[in-house]
Structures are given as C-alpha cells and as structure tokens.
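Everything on this sheet refers to the single structure shown next.
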Amino acid sequence: MMNKIEKIEQEIKEDVVKFFPKFEAAFTSGDKKTWKEHLLPFFATQEEVKSYMREPFPRYEEKKPDQWNDAFKFLSDYTECNILRRIDDAKVVDP
C-alpha cells in the first residue's frame, strides 16, 4: 500500500507522462494563426516561474511553435521522471 508521499509522486509522474500527448494534440489541432492560443496554456506565467527558477528562463515567444513542438517531441522520449523529495537533491543547470 502506498503512503501519502508515494501517492503524490505517482500522481505527478502520471501528469508528466500525459503532458506530452496533450501538447502534441494542441499543436496538431491548431495552425499558425491559432498556435499561440492553443499552446500558451502549456507555459507558466512569468510570476509562476519566478517562484521556482531564476532568469533567464524560456518564454513561449522566444521560439517558433514548430521549434517548441520539436523540443517537446525530443523530451517525450525520456519517460523516466525524478521527483525531488529534498531541495538538496536539486541541481542548478546553467543555461
């Protein structure tokens, strides 16, 4: 039987795995005129990101929708998800 933390971890992993097909569906359902409308919900606002990251961080406007789609297709090949339990487990990656 899963404890509360393991259950939360499992829910996060399931959400992560579902993210990529949802993004692809949003991308393929749109066209150049509607991509921004369809894809923006997949990106955090600047206020949300500042709670977890320091600048510079990627913004939707910095890449063309095709480039975002290619990036997420590449990332979707990695199905392993590492959920951090402690801040000490995090690593800072310089851009």
Side-chain angles (χ1 to χ4, degrees):
M1 179 154 226
M2 280 195 243
N3 65 33
K4 187 175 181 178
I5 292 175
E6 291 171 333
K7 186 177 178 183
I8 292 170
E9 285 179 347
Q10 186 62 34
E11 290 172 3
I12 291 170
K13 287 179 183 181
E14 289 171 6
D15 287 344
V16 168
V17 171
K18 291 176 188 175
F19 174 87
F20 297 107
K22 287 180 183 179
F23 183 89
E24 186 174 358
F27 179 80
T28 57
S29 69
D31 58 23
K32 288 184 179 186
K33 294 179 183 178
T34 60
W35 271 334
K36 187 171 184 177
E37 177 186 332
H38 288 218
L39 300 181
L40 272 180
F42 292 92
F43 293 83
T45 65
Q46 198 167 9
E47 292 77 29
E48 293 168 330
V49 172
K50 284 183 179 179
S51 299
Y52 305 101
M53 298 176 69
R54 66 175 188 242
E55 289 199 50
F57 43 82
R59 292 173 178 82
Y60 174 80
E61 294 81 13
E62 292 177 358
K63 297 190 183 303
K64 294 178 181 176
D66 290 330
Q67 291 173 311
W68 282 118
N69 188 47
D70 292 343
F72 284 123
K73 278 185 181 179
F74 173 79
L75 292 173
S76 69
D77 290 341
Y78 297 94
T79 56
E80 188 174 324
C81 179
N82 183 22
I83 311 290
L84 301 177
R85 288 190 175 191
R86 299 179 323 212
I87 196 164
D88 297 344
D89 295 335
K91 294 179 183 172
V92 175
V93 179
D94 288 325

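Both backbone and side-chain heavy atoms feed into the values below; hydrogens, waters and symmetry mates do not.
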Smallest separation among heavy atoms of I5 and N3, with atom names: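 Result for this residue pair: N-OD1, 3.0 Å.
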Nearest atoms (heavy-atom pairs only) where S29 meets A26: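 Shortest heavy-atom contact: OG-O, 3.1 Å.
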Passing candidate, side-chain contact (heavy atoms from CB on, under 4.5 Å) with I8, options E6, Q10, K4: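 The single option meeting the side-chain contact (heavy atoms from CB on, under 4.5 Å) with I8 is K4.
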Side chain to side chain contact (heavy atoms under 4.5 Å, CB included) involving K22 - partner list, sequence neighbours excluded: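 Applying side chain to side chain contact (heavy atoms under 4.5 Å, CB included) to K22 gives K18, F42.
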Any donor-acceptor N/O pair, Q67 side chain to K64 backbone, under 3.5 Å: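 Side chain of Q67 to backbone of K64: a pair is present.
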Interatomic spacing from [atom1] in [X] to [atom2] in [Y] - rounded to 0.5 Å:
{"X": "D31", "Y": "H38", "atom1": "CG", "atom2": "NE2", "result": "7.5 Å"}
{"X": "K7", "Y": "I12", "atom1": "NZ", "atom2": "CD1", "result": "13.0 Å"}
{"X": "L40", "Y": "W35", "atom1": "CG", "atom2": "CH2", "result": "13.5 Å"}

Verdict with supporting geometry, W68 and F23, side chain to side chain contact (heavy atoms under 4.5 Å, CB included): CA-CA 10 Å; W68 282 118; F23 183 89; 4.1 Å; yes
